[in-house]
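Order of listing sets the numbers, starting from 1, for every ligand and every atom in it. This one's a predicted model, so the numbers in the text were calculated from it and none came from an experiment.
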Amino acid sequence: MCGIVGAVAQRDVSPVLLEGLKRLEYRGYDSAGLAVTNHDNQLQRIRVQGKVNELHKEHEASPLSGGTGIAHTRWATHGKPNVSNAHPHICRDQVALVHNGIIENHEQLREQQSASGFEFKSETDTEVVVNAVYEALQSNPDLLHAVFDTTKQLHGAYALGVINSADPERLIAAKNGSPLVIGIGIGEYFIASDVFALLPVTQQFIFLEDGDIADITRDKLTIYNSELEIVDRPLNVSELNADVADKAGYRHYMLKEIFSQPNAIAESLENRVIDGQVITNEFGQDADSIFSQVKSVKIAACGTSYHAGLIAAYWMEEIAKIPCHVEIASEYRYRKSVVTDDTLFVSISQSGETADTLAALQLAKQSGFLSTLAICNVGESSLTRESDLVFLTHAGPEIGVASTKAFTTQLVALFLMVIAIAKHNNLSTEDENTFVKQLESLPGRVNQLLHHKEEIETMAKDFADKHHALFLGRGSFLPIAMEGALKLKEISYIHAEAYAAGELKHGPLALVDDDMPVVAVAPNNNLLEKLKSNLQEVKARGGKLYLFADKESDVESTEGVYVINLNVVYDFMAPILHTIPLQLLAYYVAVIKGADIDQPRNLAKSVTVE
Ligand code: M6R
């Protein structure tokens with residue numbers, strides 16, 4: 001999604017802005033731009049369609065220099081990804097503005113502004129905002145008030161950075177529904193969509209809240225709420241350092257993140273399990289009392305996080321014996337559902353900024369749930385700030401758009417949650433100890449699975465010329481098949497669908513021929529024999545099977561059946577373990593196809609618009 005960087009400093013801010021944009025690339029974008037007020041108090045701007053590297057080249061050719069500036073990476077929503085739609089947008093050479101979010105009433109504002117003589121140079125929803133600021137400045141030349149008045153006209157989500165060449169040492173930032181953080185330097189201030197963008201220049205941050213407007217000069221920061229009252233927002237000191245975003249010698253962030261899973265899982269377990277027991281307080285001080293009242297669980301999430309929720313439902317019903325219902329957040333938020341006051345609402349999100357998941361949480365908070373719990377990888381995110389209970393996965397920053405370590409650590413967090421709730425529903429200490437041992441065995445077992453890398457790389461060659469693939473699983477391995485299909489489609493652009501293996505003969509079998517690879521997850525569990533029968537149905541139709549089987553599953557490669565026997569012994573951790581080879585398969589297929597693995601086309605890391 002769009003990324004914002006801004007700065008007010010004594011030094012030339014262009015290098016800070018360009019570096020900030022580079023560090024926001026992982027969010028996904030298709031054009032980029034930068035505007036600076038130069039030493040003659042004139043606005044200068046460069047914009048490109050494509051990558052930040054292109055912006056760097058343009059900047060080298062005709063450098064901008066000045067102490068106040070804003071920059072942006074745009075992920076197109078309204079209007080094509082081209083230069084005229086790229087931000088910053090400028091009105092009458094005086095006001096420049098960057099925006100993340102969607103202005104829902106832009107058409108109505110556009111009509112009004114056209115009638116008052118504004119000419120539009122882009123197809124974006126953003127241009128009405130910069131025009132509105134300019135218009136407001138005509139009656140009151142104070143930029144803070146102009147932005148404040150403008151926000152009152154806007155419906156929708158926004159994070160804004162605004163500069164004015166007539167007031168050259170000032171930057172106004174506003175937030176409502178899209179993330180925005182202020183970085184505090186020495187005699188300089190910055191704004192950005194997330195802290196990574198600013199780590200080279202500061203470790204100190206203030207997270208704006210919805211409705212906030214910040215008035216920023218070199219030596220002063222004042223934050224106002226939506227009533228224009230001065231408010232205090234807490235200062236956060238980040239423990240991340242600037243090189244968290246480096247590839248550590250791996251070819252792609254995604255590969256680095258796949259290989260960092262043993263460590264990410266170990267970090268996510270540290271201090272959460274002690275002496276064979278789950279430390280419930282890690283979910284929040286009131287967790288014990290809340291968990292003791294839980295009679296059912298509702299989970300809402302998107303994409304990969306939704307798949308994690310689906311697996312948790314199997315665990316919740318089998319281990320805690322508590323009903324658990326999982327919904328896609330973008331569906332849940334618009335559905336009229338029945339809520340009981342003994343139901344725990346759980347949201348899952350890597351970023352904690354996914355607009356649909358946040359909206360689902362906001363709806364849940366008004367709907368009479370027992371309590372809300374967020375499972376999230378980003379501490380100071382909107383989701384964690386708005387939830388009663390919080391469990392942070394300690395996966396570390398995930399840069400690749402395709403979620404890998406965030407997913408496996410979410411599963412760890414969800415398994416801990418299931419045990420913590422099950423303890424109040426007759427889970428024996430002995431069983432708890434067994435489950436904790438299984439969790440503690442994960443880092444080592446994941447590490448062993450990574451050794452299948454070469455075999456999977458070889459298997460991947462069979463997929464490179466395919467246009468479609470089917471993924472099959474049963475029980476808690478169906479969501480793993482769904483996740484495998486999602487990984488393959490998002491980074492290799494091969495159309496992939498997942499089905500419950502038993503559903504095959506109810507329709508998808510019609511698709512099977514010798515050009516359709518069928519990937520199946522074959523754990524050694526009570527459904528293995530059923531799965532084998534389903535696979536025979538594929539084989540009989542000439543379909544080529546690719547099986548990831550536990551070593552005790554007793555399946556061998558034969559004509560048309562390509563088996564990788566994994567070093568997995570079946571237990572509750574098996575869904576987590578079976579994820580690893582599917583991540584590697586998607587990765588190597590995408591490598592062979594030469595795809596842009598870390599920033600797949602059309603996708604964004606943090607989906608902050610609806
Ligand atoms: O940050 P979130 O976990 O809320 O993101 C949800 C989805 O956008 C995300 O999982 C997406 O599906 C990934 N790109 C999948 O790899």
Run the side-chain donor-acceptor check on residues 586-593: report pairs under 3.5 Å with partners two or more places apart or on a different chain.
{"unit_1": "Y587", "atom_1": "OH", "unit_2": "H252", "atom_2": "ND1", "d": "2.8"}
{"unit_1": "K593", "atom_1": "NZ", "unit_2": "S492", "atom_2": "O", "d": "3.2"}

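- In summary, K22 and E19 do not engage in a salt bridge, as defined by a charged side-chain N under 4.0 Å from a carboxylate O.
- Listed by chain and residue number, A595, P600, R601 satisfy the side-chain contact (heavy atoms from CB on, under 4.5 Å) test with Y493 (two or more places apart in sequence, or in another chain).
- Sorted pairs that involve residues 573-585 and meet salt bridge (Lys or Arg N to Asp or Glu O under 4.0 Å), not counting sequence neighbours, are lacking altogether.
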Kindly print each ligand 1 N/O atom paired with any protein N/O atom under 3.5 angstrom away, one pair per line, or none if nothing qualifies.
{"unit_1": "ligand 1", "atom_1": "1 (O)", "unit_2": "S349", "atom_2": "OG", "d": "3.4"}
{"unit_1": "ligand 1", "atom_1": "1 (O)", "unit_2": "Q350", "atom_2": "N", "d": "3.4"}
{"unit_1": "ligand 1", "atom_1": "1 (O)", "unit_2": "S351", "atom_2": "N", "d": "2.9"}
{"unit_1": "ligand 1", "atom_1": "1 (O)", "unit_2": "S351", "atom_2": "OG", "d": "2.7"}
{"unit_1": "ligand 1", "atom_1": "1 (O)", "unit_2": "T354", "atom_2": "OG1", "d": "3.3"}
{"unit_1": "ligand 1", "atom_1": "3 (O)", "unit_2": "S305", "atom_2": "OG", "d": "2.6"}
{"unit_1": "ligand 1", "atom_1": "3 (O)", "unit_2": "Q350", "atom_2": "N", "d": "2.7"}
{"unit_1": "ligand 1", "atom_1": "4 (O)", "unit_2": "S349", "atom_2": "OG", "d": "2.6"}
{"unit_1": "ligand 1", "atom_1": "4 (O)", "unit_2": "T354", "atom_2": "OG1", "d": "2.4"}
{"unit_1": "ligand 1", "atom_1": "5 (O)", "unit_2": "T354", "atom_2": "OG1", "d": "3.4"}
{"unit_1": "ligand 1", "atom_1": "10 (O)", "unit_2": "T304", "atom_2": "N", "d": "3.1"}
{"unit_1": "ligand 1", "atom_1": "12 (O)", "unit_2": "T304", "atom_2": "N", "d": "3.3"}
{"unit_1": "ligand 1", "atom_1": "14 (N)", "unit_2": "V401", "atom_2": "O", "d": "3.0"}
{"unit_1": "ligand 1", "atom_1": "14 (N)", "unit_2": "E490", "atom_2": "OE1", "d": "3.0"}
{"unit_1": "ligand 1", "atom_1": "16 (O)", "unit_2": "T304", "atom_2": "OG1", "d": "3.3"}
{"unit_1": "ligand 1", "atom_1": "16 (O)", "unit_2": "S403", "atom_2": "N", "d": "2.8"}
{"unit_1": "ligand 1", "atom_1": "16 (O)", "unit_2": "K487", "atom_2": "NZ", "d": "3.0"}
{"unit_1": "ligand 1", "atom_1": "16 (O)", "unit_2": "E490", "atom_2": "OE1", "d": "3.3"}
{"unit_1": "ligand 1", "atom_1": "16 (O)", "unit_2": "E490", "atom_2": "OE2", "d": "2.3"}

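- Figure legend: cation-pi geometry between K298 and F345 absent, as NZ or CZ is not positioned both under 6.0 Å from the six-membered ring centre and within 45° of its axis.
- The two residues A159 and I4 make their nearest non-hydrogen contact at O-CD1, 3.3 Å.
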